[in-house]
Amino acid sequence: MIKEFLISLLHYFMDITTAVLIAAAIYMTFFGQPMESSILWEILFSGFITALPTAVLICFDTKSEKHSLILWSIHFLLIYVITLFLLNMFGWCSITPVSALITFFAIIFIYLFTCLAHYINDEKHVLLMNQQLKKRYSIDKNKSE
């Protein structure tokens, strides 16, 4: 279980950090803000801090769609609050209704980016496993005949 947690943490850290970097680049391009080198460390830190609850959530094996929906809703709100806190702590922006709304949509973008990355990765693994299973069963079938 610890190994799975660490693997999930690493995967989500990389995905979230990449998406945050993209969101920051888009924001800075539109609003013309210069980038200081310290922001890269802050992005890495925020990627790690937001990957933690994500990796923890993956450890919960819920059989119910209702419980999964509740967990993911709580997760989204937790990530949103953590992100607003980090924005304020790092001085990236003042927390106003407009910045809170932009942050909300940025988190949705990061969620979609992360889900898409994991979907594509999982789909590749499923195809590979199916190919290996077909090979194995065709070999076993040929041996038994």
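Everything quoted here is computed from the prediction, not taken from an experiment.
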How long is the straight-line distance from [atom2] of [Y] back to [atom1] of [X], given to the nearest 0.5 Å?
X: L9; Y: I2; atom1: CG; atom2: CD1; value: 12.5 Å
X: F85; Y: I49; atom1: CZ; atom2: CD1; value: 9.5 Å
X: T96; Y: I102; atom1: OG1; atom2: CD1; value: 7.5 Å
X: L10; Y: F48; atom1: CG; atom2: CZ; value: 10.5 Å
X: L133; Y: K135; atom1: CG; atom2: NZ; value: 11.5 Å
X: L21; Y: I16; atom1: CG; atom2: CD1; value: 13.5 Å

A side-chain contact here means heavy atoms from C-beta on lying under 4.5 Å apart; do [X] and [Y] qualify?
X: F104; Y: F109; value: no
X: T50; Y: F13; value: no
X: I82; Y: S46; value: no
X: F76; Y: I108; value: yes

Measure across I79 and T54 and return the closest heavy-atom pair with its distance rounded to 0.1 Å.
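Closest approach of I79 to T54: CD1-OG1, 4.2 Å.
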
So which atom in C93 and which in S99 form the shortest heavy-atom distance, rounded to 0.1 Å?
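In this case the closest contact between C93 and S99 is SG-CB, 3.9 Å.
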
Would you find a donor on one side and an acceptor on the other, under 3.5 Å apart, between the side chain of T17 and the backbone of M14?
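No, because the side chain of T17 does not come within donor-acceptor range (under 3.5 Å) of the backbone of M14.
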
Kindly check if the number of other-residue, nucleotide or ligand heavy atoms within 6.0 Å of CH2 (W72) is above 12?
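Check passes, neighbour count above 12.
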
Around atom CZ of F45, are there more than 12 heavy atoms of other residues, nucleotides or ligands at under 6.0 Å?
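No, because the 6.0 Å sphere around CZ of F45 holds 12 heavy atoms or fewer from other groups.
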
Below 6.0 angstrom between ring centroids: does that apply to Y80 and H75?
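No - the distance between ring centres of Y80 and H75 does not fall below the 6.0 Å cut-off.
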
